[in-house]
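A quick write-up on the structure given underneath.
First the proteins, then the strands, lettered A, B, ... as listed; each starts at 1.
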Amino acid sequence: MTRWYSFPCKIQELQLSITLVCGQSFRWRESSPGLWTNVLEGKLWTLRQDDSAVYYTVTDPDDASDALGSVTHLEAGDFSKHACSESDDKYEAVLRDYFQLDRANLTALYEHWGTADPNFRKVAVDFAGVRILRQDPVENLFSFICSSNNNITRISGMVEKLCSEYGKKLLECGGIDYYSFPSVKSLAGEGVEDRLRELGFGYRAKYIAQTASYIAENHSELWLYSLRDRPYLEAKAELMKLCGVGAKVADCVCLMSLDKSGAIPVDTHVWQIAAASYMPQLKQKKSLTDSTYQEIGNFFRDLWGDYAGWAHSVSVLFCLQAQ
DNA sequence: TTGTGACCTACTCC
DNA sequence: AGGAGTAGGTCAC
């Protein structure tokens with residue numbers, strides 16, 4: 001029997017429907033209306049929320065008693081039939097960490113950004129509760145190496161292939177196999193580049209294989225995690241030594257898995273936003289140079305403050321919606 | 001330093 | 001039907 005847990009959480013602090021699919025993580029699926037499913041820390045999670053709480057189930061493949069009780073799917077009205085326990089401390093701690101609920105008060109941050117920036121205030125109306133996730137650095141890094149010059153649909157498919165090809169199968173549920181994200185070591189194996197080429201990764205196949213080999217030979221996965229304890233610019237410089245990791249991807253990893261809340265990935269959208277609404281002098285620039293890249297990041301950090309990277313993600317949503 | 005073009009693929013548009 | 005254009009960049013001149 002699947003057990004549902006819950007903890008109190010206002011929608012202004014966390015909106016799952018936007019946060020989970022706005023291009024931070026490429027693995028969350030809406031397995032049934034209002035239910036979000038993904039693998040986290042080797043377990044299968046399904047989340048749901050209402051105005052006042054987040055509800056969740058966890059299936060641990062190592063726990064035999066769980067194996068048959070997975071729920072990624074509910075018929076209408078099913079939810080009320082499930083008993084809902086208050087919470088399980090260790091599971092709740094995983095989610096609180098992933099959503100950074102104890103790190104940042106989003107309501108206060110929106111207030112701060114809106115006060116500092118009238119443009120932000122307009123955006124915030126439509127996009128409450130958008131948070132930066134605290135992702136696993138390995139998954140975050142390799143997913144965003146896939147993102148270059150690419151679209152979200154294809155990126156998601158590539159990440160899925162990475163998992164089914166090189167990850168570990170955790171369990172099957174509702175006819176779907178769920179995998180862990182591959183380790184650096186498994187991506188550093190023989191023939192990975194050729195295989196990824198076959199799977200349609202294009203030139204990113206080389207980036208993935210080389211980056212994995214480089215980390216496996218010169219560092220370790222722990223090294224990647226340890227960048228959480230280094231200053232922003234140092235962590236970014238380290239990441240940019242990796243093949244296929246330029247300024248934008250490095251900033252994505254800094255922001256989304258290495259705790260650098262001020263990192264601003266300047267992609268084509270951010271460049272457009274900056275030129276259109278904040279820095280008109282950029283309109284005459286033909287391309288995004290290194291110095292312009294830095295100039296844009298510094299501008300927004302100055303405007304929005306320490307959590308500028310978080311505010312930036314909300315603004316990008318507005319830009320995408322406007323298209 | 002800044003500017004250009006190539007790089008893989010899949011999907012959209014005409 | 002099929003070619004051009006493009007999508008949350010990076011690397012090499």
Side-chain angles (χ1 to χ4, degrees), chain A residues 18-28 123 127 130 132-133 135 139-162 165 192-215 236-257 260 263-277 279 281-298 300 308-323:
Chain A
I18 305 176
T19 301
L20 296 180
V21 293
C22 64
Q24 298 186 57
S25 165
F26 300 99
R27 290 229 284 165
W28 286 97
V123 171
F127 299 104
V130 180
I132 294 297
L133 304 170
Q135 301 189 62
E139 174 171 340
N140 191 208
L141 172 63
F142 287 97
S143 297
F144 277 85
I145 286 177
C146 294
S147 76
S148 78
N149 201 344
N150 210 344
N151 58 70
I152 290 187
T153 310
R154 187 173 164 219
I155 299 165
S156 302
M158 287 163 71
V159 171
E160 208 165 282
K161 284 176 190 166
L162 231 35
E165 193 75 12
V192 169
E193 178 178 346
D194 291 343
R195 180 61 184 144
L196 293 180
R197 282 255 173 198
E198 285 173 11
L199 290 172
F201 280 61
Y203 57 79
R204 302 164 198 83
K206 185 178 80 174
Y207 293 165
I208 290 169
Q210 285 196 7
T211 287
S213 299
Y214 179 85
I215 295 176
K236 180 174 174 180
E238 283 297 309
L239 291 171
M240 287 180 68
K241 292 178 185 169
L242 304 170
C243 183
V245 180
K248 192 268 178 178
V249 170
D251 272 329
C252 285
V253 178
C254 280
L255 174 65
M256 301 174 190
S257 63
K260 315 308 179 206
I264 302 207
V266 180
D267 56 27
T268 53
H269 302 306
V270 176
W271 186 29
Q272 280 174 34
I273 294 169
S277 307
M279 307 166 74
Q281 71 275 23
L282 296 182
K283 285 177 183 166
Q284 58 201 25
K285 302 275 183 184
K286 281 180 228 162
S287 62
L288 184 60
T289 62
D290 287 350
S291 77
T292 303
Y293 185 104
Q294 290 189 39
E295 199 187 334
I296 293 173
N298 289 336
F300 284 123
W310 291 45
H312 125 282
S313 73
V314 179
S315 296
V316 170
L317 282 169
F318 186 76
C319 172
L320 292 172
Q321 177 210 44
Q323 283 181 347

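- For the residue pair N140(A) and M256(A), the shortest heavy atom distance occurs at OD1-CB, 3.5 Å.
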For this session: Please test R27(A) against S143(A) for side chain to side chain contact (heavy atoms under 4.5 Å, CB included), starting from the C-alpha separation and ending with a verdict.
Result: CA-CA 10 Å; R27(A) 290 229 284 165; S143(A) 297; over 6 Å; no
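- Across all strands, G244(A) comes closer than 4.0 Å only to sugar-phosphate atoms, never to a base (heavy-atom distances).
- Residues N150(A) and C146(A) share a closest heavy-atom pair of ND2-O, 3.0 Å.
- With rounding to the nearest 0.5 angstrom, the CZ atom of R204(A) is 9.5 Å from the CZ atom of R197(A).
- Other residues, nucleotides and ligands place more than 12 heavy atoms under 6.0 Å from the CG atom of N298(A).
- Counting to the nearest Å, the P atom of dC11(C) and the NZ atom of K241(A) are 14 Å from each other.
- Summarising the geometry, the separation between CG on D267(A) and P on dT6(C) is reported as 17 Å, rounded to the nearest angstrom.
- Mapping F144(A) and M240(A) onto DNA chain C by nearest heavy atom places F144(A) at the nucleotide closer to the 5' end.
- In this structure, L141(A) places its CG atom 16 Å from P of dG9(C), rounding to the nearest Å.
- To the nearest 0.5 Å, atom OG of residue S156(A) and atom CZ of residue R154(A) are 12.0 Å apart.
- The separation of dC11(B) from dT10(C), taken at their P atoms, amounts to 24 Å, rounded to a whole angstrom.
- Atom P of nucleotide dA7(C) and atom NZ of K248(A) are separated by 13 Å, given to the nearest angstrom.
- Looking at heavy-atom distances under 4.0 Å, C243(A) makes contact with sugar-phosphate atoms alone, never a base.
- What separates CG of L242(A) from C1' of dG9(C) is a distance of 15 Å, to the nearest Å.
- Contact annotation for C146(A): no contact, since no heavy-atom pair falls under 4.0 Å across all strands.
- The separation of dC8(B) from dG2(C), taken at their P atoms, amounts to 25 Å, rounded to a whole angstrom.
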Donor-acceptor pairs under 3.5 Å, side chain of residues 241-253 of chain A to any protein atom, not counting sequence neighbours: which ones?
unit_1  : atom_1 : unit_2  : atom_2 : d
K241(A) : NZ     : E238(A) : OE2    : 2.8
D251(A) : OD1    : Y232(A) : OH     : 2.6
D251(A) : OD2    : K236(A) : NZ     : 3.0
D251(A) : OD2    : Y293(A) : OH     : 2.6

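- When the P atom is used for both dA4(C) and dA6(B), the distance is 14 Å, rounded to whole Å.
- Considering all non-hydrogen atoms of both residues, H269(A) and D267(A) come closest at N-OD1, 2.9 Å.
- The residue V245(A) sits close only to the backbone: its heavy atoms come under 4.0 Å of sugar-phosphate atoms, none of a base.
- To the nearest angstrom, P of dA7(C) lies 22 Å from CD1 of I145(A).
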Problem set entry | Strand DNA chain C as a dot-bracket string - pairs counted if Watson-Crick or G-U with both distances under 3.5 Å, | where the partner lies in another strand | .||||||.|||||
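- Remark: the separation of the C1' atoms in dC11(C) and dA10(B) is 23 Å, to the nearest Å.
- Counting non-hydrogen atoms under 4.0 angstrom, A247(A) reaches the backbone sugars and phosphates but no base.
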Seminar exercise, completed: A correct 5'-to-3' footprint of nucleotides 2-12 of chain B, with B, S and - meaning base, sugar-phosphate only and no protein heavy atom under 4.0 Å, is SS---BBB---
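- Ring centroids of F26(A) and F144(A) are separated by less than 6.0 Å, placing the two rings close together.
- As rounded to whole Å, 12 Å separates atom C1' of dG9(C) from atom CE of M158(A).
- As rounded to whole Å, 17 Å separates atom P of dT1(B) from atom OH of Y293(A).
- Rounded to the nearest Å, the gap between the C1' atom of dG3(B) and that of dG8(C) is 22 Å.
- Rounding to the nearest 0.5 Å gives a distance of 12.0 Å between CZ of F201(A) and CD of E193(A).
- When heavy atoms are screened at a 4.0 angstrom cut-off, I152(A) is found touching base atoms of the nucleic acid.
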